[in-house]
Amino acid sequence: MSEVRVRFAPSPTGLLHVGGARTALFNWLFARHFGGKMILRIEDTDTARNTPEAVAIIFKGLRWLGLEWDEGAQEGGGNLGDYGPYYQSQRSAVYQQYVTQLLAADRAYREADGAIRFRMPKTPGVVNDLICGKITFDRTTEPDPTIVRKDGTPVFHFVNVVDDLEMRITHVIRGEDHLSNTHKHIALFEALGAPPPRYAHIPLILNPGGSKMSKRDEGASIGEYIAQGYLPAAVRNYLCLLGWSPKDNREVINISEVIEKFDLPQINRGNARFDINKLYWINGEHWKSLTVTEYHQYARDYLTHRGVNTAAVDETYLTGVLDIVREKIKLGRDLPDWVEPFFNEEFAYDEKSLTVTLKEPAAKSRIEKLSAAFMTVSEWTAAKLEETLKSLAAADGVKVGAYVHPCRAGVAGRAVGPSLYHMLEVMGKERALARLRRTLTVIF
RNA sequence: GACCCUAUCGUCUAGAGGCCUAGGACACAUCCCUUUCACGGAUGCGACACGGGUUCGAAUCCCGUUAGGGUCGCCA
C-alpha cells in the first residue's frame, strides 16, 4: 500500500464539535497506526461564518487534544505541505480548472441561469465502505447534482472531491451522515479520471436524547472541556471509546496503545450516545494518574486562568493546599471552590457550619479547648494534631466528630473538606490559631 | 415520502454457531472503611427489540416486522 494520507476537513463554525473532534481523532489514529500523514483542510467557503476567530478555535481544539497534523492549514492562514493551499477560500482557481475539464468532456452542463450540473450516471452506484461494507445505490431517479451555483461559486460535494483528489487523499474517514452522498463523490472521481479514495464512515455521536448531537447540546463543544478543566488525555480517551474498544474490558487506556491497536474494520456500526458522566469518571482516572509535578502545573495554570492569583500565595502553602485538595476532585472546574477558604483569611461560613455545627451548645468551649491545646502542641504535624484532638475528645467522653466538626468549621468555614488534620498541618500553627480566634469573635 | 445505516443492561461496550443460566465499565442501590465529603472495597439491580426460518444447537447466519438514526440543497 502506498503512503496513507487522511484528512480532517472542518468548516469553521465557531466551535470544534465533539463529533468533529472524534472524526479528527479517528483520522489521526489511522494515520499514526499506518505511519501515514494527517492533513488538515479548512472548508471555509461559507464567508458568513468564516472568521479568523472561528478558524483559530479549530486549531486550538486540535492542538489541545494532541491531534497534530503533518500537513495542511496552519495558524494565521499559513500552509504547510506540497498540495496546498489548504484553505478552500484560496483554491478557486483549482476548482475552476476542474469545472472546465468536466464541461469539456461533457460530464457537466450549464443551466440557463448559469449554474452547472454534473451528469449523474444512471448506473447503480456502488460504495465499498471499509466500515459499512458494500452498499449499492439505485440512481435511476437521481437528479443531476449542482456543482457550481449560478453565482459562480462551487458547492461542497464538488470542492470536497477536487480537494481530496488534488491532495492525494487515500482514505476518507468521516461521519456516517455523508454515507448517502458518497456514491456521488465516487462518480465525480470517475468523471475526473481519478481513482477514488477508500471510504470509511464512522457512526454518529448522538445526544442523550438520541438524535444527532448539535452545537446547542450540552458538552458539544471542545471549548467547554478546556474551560471546565478537563484533561485533554481524558477527553481523547473517552472519544476513543465512542465506537471503538480495546476489547479487553479496559476503559482507561494509553493513547500509544490505541494507536497500536486501532484499525477501521473493528469500528462499531451503530451510533453512540454521548455520556458526560462517563467522561467525568474517566477524567477522574486520568486526574489520579497525573504526576505531582504535572498536577501542580495544571492546577496553577487553571487557577490562574480562573482569576485566582496563585503568585500571591506562599509557594509551600500553595502546593500543600493543592496536594490535600487533589483527592477531593476530578476536574479543574472544582479547584477554585475547594481552594478558596485556604487563601482567604476572611473566609465565609457555609450553611451547615452556621446553622448546625457552630450552633451546638458545646461548640464554643470545644474550639476554646482546641485552641489552648494546639497552642502547646509539641510538633505541628497531622499525626500530633490528631493525637491532641482525640485525647480531648476522650477526656470529654465524646466522639472525635464532636471536636472535628467545629474545628473544621472554625478553621475553614466549611462542613466538608479534606482531612482536618492535614488541613491544619498545611495551614500552619499561626494561621490555624488565628482562624480559630476569628471564629470565636465573629460567631460567638 | 423515497433511499441508506443500525439494533446486547438506562448509557458505552465484550460477544464473529456450542466457552453465554450473556462478561466489563459508567450511573443507580445497599453495606464496609471513615472526622465530613470523596476515594477505595464488597454486594445488588439491570439487556440479546419482535416474529419466522437455517442448524443437533443462534445474541451470533437469512428473511420480515418494529424502532432509532442519517441522507435526499444552487448548506457545509
Side-chain angles (χ1 to χ4, degrees), chain A residues 9-13 20 43-46 48-50 88 111 113-117 125 127 129 131-133 135-139 141-143 145-160 175-184 201 203-206 208-212 238 240-252 266 268-282 284-285 288 325-330 334 338 352-353 357 386 389-390 393 399-409 412 414-423:
Chain A
S11 59
T13 58
E43 309 218 326
D44 56 351
T45 52
D46 185 344
R49 293 191 294 189
N50 170 30
Q88 286 186 336
E111 295 273 33
D113 64 5
I116 297 171
R117 288 179 182 272
V127 177
D129 194 271
I131 294 171
C132 303
I135 303 158
T136 305
F137 293 85
D138 174 27
R139 291 152 154 179
T141 58
E142 193 78 29
T146 301
I147 57 173
V148 178
R149 301 183 188 92
K150 64 183 171 208
D151 69 2
T153 58
V155 310
F156 165 77
H157 296 293
F158 179 67
V159 297
N160 200 263
E176 196 208 84
D177 48 345
H178 292 289
L179 184 57
S180 303
N181 287 319
T182 302
H183 70 98
K184 297 179 193 171
H201 288 88
L204 266 18
I205 296 180
L206 271 24
S211 54
K212 189 174 163 184
Y238 176 68
C240 285
L241 263 22
L242 250 27
W244 180 85
S245 148
K247 306 205 185 293
D248 58 5
N249 287 340
R250 282 177 313 142
E251 317 283 325
V252 179
Q266 354 139 347
N268 291 130
R269 318 267 298 272
N271 296 338
R273 287 187 204 211
F274 186 80
D275 182 5
I276 189 88
N277 244 323
K278 188 142 184 179
L279 169 57
Y280 183 70
W281 173 78
I282 285 186
E285 296 301 300
K288 280 187 271 188
V325 125
R326 177 174 180 176
E327 61 177 13
K328 302 275 115 189
I329 56 189
K330 293 182 177 177
D334 301 329
W338 281 84
K352 191 172 180 197
S353 300
T357 317
E386 176 170 5
L389 188 146
K390 281 184 172 167
K399 289 195 279 189
V400 274
Y403 272 90
V404 168
H405 300 315
C407 187
R408 181 191 299 286
R414 301 280 179 95
V416 299
S419 158
L420 174 67
Y421 314 122
H422 293 90
M423 275 173 67

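Below, read A as the first sequence line, B as the second, and so on, with proteins coming before strands; counting in each chain starts at 1. No experiment lies behind these values; they were computed from the predicted model shown.
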Residues that A/R273 engages under salt bridge (charged side-chain N to carboxylate O under 4.0 Å, His left out), provided they are two or more places apart: none
Interatomic distance, A/W244 CH2 vs B/U13 C1' [rounded to whole Å]: 12 Å
Selection residues 146-159 of chain A - residue pairs positive for salt bridge (Lys or Arg N to Asp or Glu O under 4.0 Å), sequence neighbours left out: none
Residue met sooner reading RNA chain B from 5', once A/Q266 and A/D138 are mapped to nucleotides: A/D138
Counterpart base for B/U43, defined by Watson-Crick or G-U wobble contacts under 3.5 Å: B/A29
Nearest-Å distance once atom C1' is located in both B/G70 and B/U30: 43 Å
Distance, P atom - from B/A76 to B/U66, rounded to whole angstrom: 36 Å
Side-chain donor/acceptor contact of A/K278 with base of B/A25 under 3.5 Å: yes
Atom pair distance, as rounded to whole Å: CG in A/D248 and P in B/C12: 20 Å
Residue list, salt bridge (charged side-chain N to carboxylate O under 4.0 Å, His left out) with A/K278, at least two apart or on another chain: A/E251
Partner nucleotide, any strand, of B/A22 [Watson-Crick/G-U, under 3.5 Å]: none
Partner residues of A/D129 under the side-chain contact (heavy atoms from CB on, under 4.5 Å) criterion, sequence neighbours left out: A/V127, A/I131, A/C132, A/L179, A/Y199, A/H201
With 3.5 Å as the limit, what N/O pairs link the protein to nucleotides 67-74 of chain B?
{"residue": "B/G69", "atom": "O2'", "partner": "A/N271", "partner atom": "ND2", "Å": "2.8"}
{"residue": "B/G70", "atom": "OP1", "partner": "A/K212", "partner atom": "N", "Å": "3.3"}
{"residue": "B/G70", "atom": "N2", "partner": "A/S180", "partner atom": "OG", "Å": "3.4"}
{"residue": "B/U71", "atom": "OP1", "partner": "A/K212", "partner atom": "NZ", "Å": "3.3"}
{"residue": "B/U71", "atom": "O3'", "partner": "A/N181", "partner atom": "ND2", "Å": "3.4"}
{"residue": "B/C74", "atom": "OP2", "partner": "A/T146", "partner atom": "OG1", "Å": "2.8"}
{"residue": "B/C74", "atom": "O2", "partner": "A/K150", "partner atom": "N", "Å": "3.0"}
{"residue": "B/C74", "atom": "N3", "partner": "A/D113", "partner atom": "OD2", "Å": "3.4"}
{"residue": "B/C74", "atom": "N4", "partner": "A/D113", "partner atom": "OD2", "Å": "2.5"}

Heavy-atom donor-acceptor pair, A/D44 side chain to A/Q88 backbone, under 3.5 Å: yes
Under 4.0 Å protein heavy-atom contacts per nucleotide of nucleotides 30-46 of chain B, with B for base, S for backbone only and - for none: -----BBBBSS------
Pair partner, B/G51 [Watson-Crick or wobble, under 3.5 Å]: B/C63
Pairwise P distance for B/A2 and B/A14, with rounding to whole Å: 33 Å
Parallel, tilted or perpendicular: ring planes of A/F137 versus A/H183, cut at 30 and 60 degrees: parallel
Sugar-phosphate only, base, or nothing, as touched by A/L279 at under 4.0 Å among non-hydrogen atoms: nothing
Separation between the C1' atoms of B/C63 and B/U55, rounded to whole Å: 16 Å
Residues forming a salt bridge (charged side-chain N to carboxylate O under 4.0 Å, His left out) with A/D113, sequence neighbours excluded: none
Partners passing side-chain contact (heavy atoms from CB on, under 4.5 Å) against A/A393 (at least two apart in sequence or in another chain): A/V398, A/V400, A/Y403
Pairwise C1' distance for B/U34 and B/A38, with rounding to whole Å: 11 Å
Atom-pair distance (NZ on A/K247; C1' on B/U8), nearest Å: 14 Å
Sugar-phosphate only, base, or nothing, as touched by A/E43 at under 4.0 Å among non-hydrogen atoms: sugar-phosphate
side-chain contact (heavy atoms from CB on, under 4.5 Å) between A/V252 and A/W281, worked out: CA-CA 10 Å; A/V252 179; A/W281 173 78; 4.3 Å; yes
Contacts of A/K352 that satisfy side-chain contact (heavy atoms from CB on, under 4.5 Å) - sequence neighbours left out: A/D350, A/V356, A/T357, A/A415
Nucleotide-resolved protein contact map, nucleotides 18-23 of chain B, B/S/- at heavy-atom distance under 4.0 Å: -----B
Separation of the C1' atoms in B/G15 and B/G24, to the nearest angstrom: 12 Å
Sugar-phosphate, base or nothing in reach of A/G243, heavy atoms under 4.0 Å: sugar-phosphate
Set of residues satisfying side-chain contact (heavy atoms from CB on, under 4.5 Å) with respect to A/D177, sequence neighbours excluded: A/L204, A/K212
Counterpart residues, salt bridge (charged side-chain N to carboxylate O under 4.0 Å, His left out), relative to A/E285 (two or more places apart): A/K288
